[in-house]
Amino acid sequence: QVQLVESGGGSVQPGGSLTLSCAVSGQSYSKHLMAWFRQAPGKEREGVASISTGGGNTVYADSVKGRFTISRDNTKNRLFLQMNTLRPEDTAMYYCAARLPSRALLGEFRPEIYEYWGQGTQVTVSS
């Protein structure tokens, strides 16, 4: 069993930055692929970024490429999302998620293939 708790959300002006953190408890964190998803009101949950078990491979949604960076610290059981040059359209609830490796590729941002989810942290980008 894996438990996920996000933090670091808040309100920021367009062009600003935030860093989200996900604390992971339970067994075998380093064996899980990790990802960040987001969901805006009235929209479907969408994948933002994913990272391999060792952290050497990452995949980003086109909408955040060049602005967001996903990383993980397997010694501290932490997942991060550095968000720069934030835009109003980045406003959403952000979730971290975990799954064991499978046939699904790292870049398959289908929520149903992720086994564990946090409760989310709100990010609001507004002037």
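Positions are given from 1 along the sequence. Side-chain atoms are counted along with the backbone in the values below, which use heavy atoms only and exclude waters and symmetry mates.
Alongside V5, the hydrophobic cluster contains no other residue (criterion: ILVMFWY side chains under 4.5 Å).
Within the 3.5 Å criterion, the main-chain N or O of Q119 finds a donor-acceptor partner in the side chain of E6. Between the S52 side chain and the N57 main chain, a donor and an acceptor come within less than 3.5 Å of each other. The backbone N or O of L106 sits less than 3.5 Å from a side-chain atom of S50, completing a donor-acceptor pair. A distance-only check finds no donor-acceptor pair linking the side chain of W117 to the backbone of L4 [under 3.5 Å]. Distance alone, capped at 3.5 Å, is enough to place a donor-acceptor pair between the N74 side chain and the T53 backbone.
Between F68 and Y94, the ring-plane angle classifies as tilted under the 30° and 60° cut-offs.
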Give the table of side-chain donor-acceptor pairs shorter than 3.5 Å for residues 11-23, with sequence neighbours excluded, one pair per line with atom names and distance.
residue: S17; atom: OG; partner: N84; partner atom: OD1; Å: 3.0
residue: T19; atom: OG1; partner: Q82; partner atom: OE1; Å: 2.4
residue: S21; atom: OG; partner: R78; partner atom: NH1; Å: 2.9

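I113 and L33 fall within the same hydrophobic cluster, defined by Ile, Leu, Val, Met, Phe, Trp and Tyr side-chain heavy atoms under 4.5 Å apart, directly or through other members. Y60 and Y95 are assigned to two separate hydrophobic clusters, defined by single-linkage of ILVMFWY side chains at heavy-atom distances under 4.5 Å. W36 and Y114 fall into different hydrophobic clusters, where Ile, Leu, Val, Met, Phe, Trp and Tyr are joined by side-chain heavy atoms under 4.5 Å apart, directly or via other members. V24 and L81 fall within a single hydrophobic cluster, where Ile, Leu, Val, Met, Phe, Trp and Tyr are joined by side-chain heavy atoms under 4.5 Å apart, directly or via other members.
Within the cation-pi definition used here (under 6.0 Å to the ring centroid, within 45° of the axis), R99 does not qualify as a partner of Y116.
In the displayed structure, E89 atom CD is contacted under 6.0 Å by more than 12 heavy atoms of other residues, nucleotides or ligands.
Scanning all heavy atoms of the two residues, the minimum distance from L100 to E115 falls at N-OE1, 2.8 Å.
Ion pair D90/R87 not flagged as a salt bridge, since none of the NZ, NE, NH1 or NH2 atoms sits closer than 4.0 Å to an Asp/Glu carboxylate oxygen.
Residues passing the salt bridge (Lys or Arg N to Asp or Glu O under 4.0 Å) test with R72, sequence neighbours excluded: none.
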